[in-house]
Amino acid sequence: MLFQNNKLTVRELEREDNYLLAKWLSDPAVLRFYDGRDNPFDLEKVNEKFYPPQDNIVRCIIVFEGIEIGYIQYYLLNENTRKKYGYLNDKNVMYGMDQFIGETQYWNKGIGKVLIKAMVDYLIIKKHVTKIVMDPQVWNKRAIRCYEKCGFKKISLLPNHELHEGEYRDCWLMEYQPGT
């Protein structure tokens with residue numbers, strides 16, 4: 001277990017979680033916000049994307065009241081990502097985060113806000129992070145509102161940043177800095 005915050009637990013991804021990921025990432029409602037409805041996942045695709053031999057991404061499962069409901073990952077920004085986001089000369093300890101709630105009956109219940117705040121606290125305390133970034137698509141208003149409520153700020157527009165449902169979409173670079 002990475003951490004627990006009342007009813008919310010975040011634990012590292014295990015091999016048998018591939019069935020959960022395949023379930024969530026074949027649901028058109030979830031795919032609308034994550035990878036696109038034209039890009040469903042089966043077990044083989046889940047195993048390729050979420051279980052690579054080695055990389056610097058820490059992949060986790062979100063558990064709420066004992067039920068696995070979603071996925072979150074975090075990673076130290078590498079040189080290519082720092083350059084892409086305009087942080088190449090920034091000496092801060094910077095991490096990126098991505099997440100989704102795969103059980104749609106848990107949407108719009110404030111769990112995302114609790115999750116983001118808890119993960120931010122974890123990264124600051126355990127990883128000594130001084131900046132955290134995310135890059136939601138500009139049309140994903142619900143996610144952007146959640147991130148802003150958690151202290152993230154829009155830093156810059158990333159035009160044509162992410163291929164989603166057959167077209168390149170604009171994203172916001174959003175940043176969290178402790179103490180600001």
How many angstroms lie between atom [atom1] of [X] and atom [atom2] of [Y], to the nearest 0.5 angstrom?
X	Y	atom1	atom2	value
Glu48	Asp42	CD	CG	8.5 Å
Arg11	Gln4	CZ	CD	13.0 Å
Leu163	Glu165	CG	CD	10.0 Å
Leu31	Asp38	CG	CG	8.5 Å
Trp172	Ser156	CH2	OG	8.0 Å
Asp27	Arg32	CG	CZ	12.5 Å

Salt-bridge present (Lys49, Asp35; N to O < 4.0 Å): yes
N-O pairing of Lys23 and Glu103 below 4.0 Å: yes
Working for side chain to side chain contact (heavy atoms under 4.5 Å, CB included), residues Leu123 and Met97: CA-CA 10 Å; Leu123 291 173; Met97 283 176 30; 3.9 Å; yes
Verdict with supporting geometry, Glu162 and Arg169, salt bridge (charged side-chain N to carboxylate O under 4.0 Å, His left out): CA-CA 5 Å; Glu162 186 173 285; Arg169 307 273 179 107; over 6 Å; no
Do we see a donor-acceptor contact under 3.5 Å between the side chains of [X] and [Y]?
X	Y	result
His161	Asp170	no
Arg15	Asn47	yes
Asn92	Tyr87	no
Tyr75	Gln73	no

Cluster link [X] to [Y], ILVMFWY, side chain under 4.5 Å:
X	Y	result
Val129	Leu88	no
Ile62	Ile67	yes
Val93	Ile155	no
Ile124	Met94	no
Trp107	Ile144	yes

Would you indicate whether the side-chain heavy atoms of [Y] and [X] approach each other to under 4.5 Å?
X	Y	answer
Leu2	Tyr74	yes
Phe50	Leu13	yes
His164	Gln137	yes
Ile132	Glu175	no
Lys154	Glu148	yes
Thr130	Gln177	no
Tyr71	Gln99	no
Val30	Thr104	yes

Atom OH of Tyr168: over 12 foreign heavy atoms under 6.0 Å: no
More than 12 heavy atoms from other groups under 6.0 Å of CD on Gln105: yes
Do you know the tightest heavy-atom contact between [X] and [Y]?
X	Y	answer
Leu173	Val133	CD1-CB, 3.9 Å
Asp55	Arg59	OD2-NH2, 2.8 Å
Asp135	Tyr85	OD2-OH, 2.7 Å
Pro40	Ser26	CB-CA, 4.4 Å
Lys113	Cys150	O-SG, 3.6 Å
Arg82	Asp90	NH1-O, 2.6 Å

Side chain to side chain contact (heavy atoms under 4.5 Å, CB included) evaluation trace for Phe41 with Leu21: CA-CA 8 Å; Phe41 284 67; Leu21 291 167; over 6 Å; no
Full working for side chain to side chain contact (heavy atoms under 4.5 Å, CB included) between Phe3 and Met119: CA-CA 9 Å; Phe3 63 81; Met119 183 55 81; 3.8 Å; yes
N/O donor-acceptor pair under 3.5 Å between Asp17 side chain and Leu20 backbone: no
Polar side-chain atom of Asn39 near backbone of Gly36 as donor-acceptor pair, under 3.5 Å: no
Ile72 and its side-chain contact (heavy atoms from CB on, under 4.5 Å) partner, picked from Leu115, Val58, Asp98: Leu115
CA sep, side-chain torsions, deciding dist, call: Tyr19, Trp24, ring pair (Phe, Tyr, Trp, His ring centres under 6.0 Å): CA-CA 9 Å; Tyr19 288 96; Trp24 297 331; over 10 Å; no
Parallel, tilted or perpendicular: rings of Tyr106 and Phe64 (30°, 60°): perpendicular
From CA spacing to verdict: side chain to side chain contact (heavy atoms under 4.5 Å, CB included), Ile69, Val63: CA-CA 6 Å; Ile69 65 164; Val63 181; over 6 Å; no
Stepwise ring pair (Phe, Tyr, Trp, His ring centres under 6.0 Å) test for Tyr176 and Tyr147: CA-CA 9 Å; Tyr176 180 91; Tyr147 305 154; over 10 Å; no
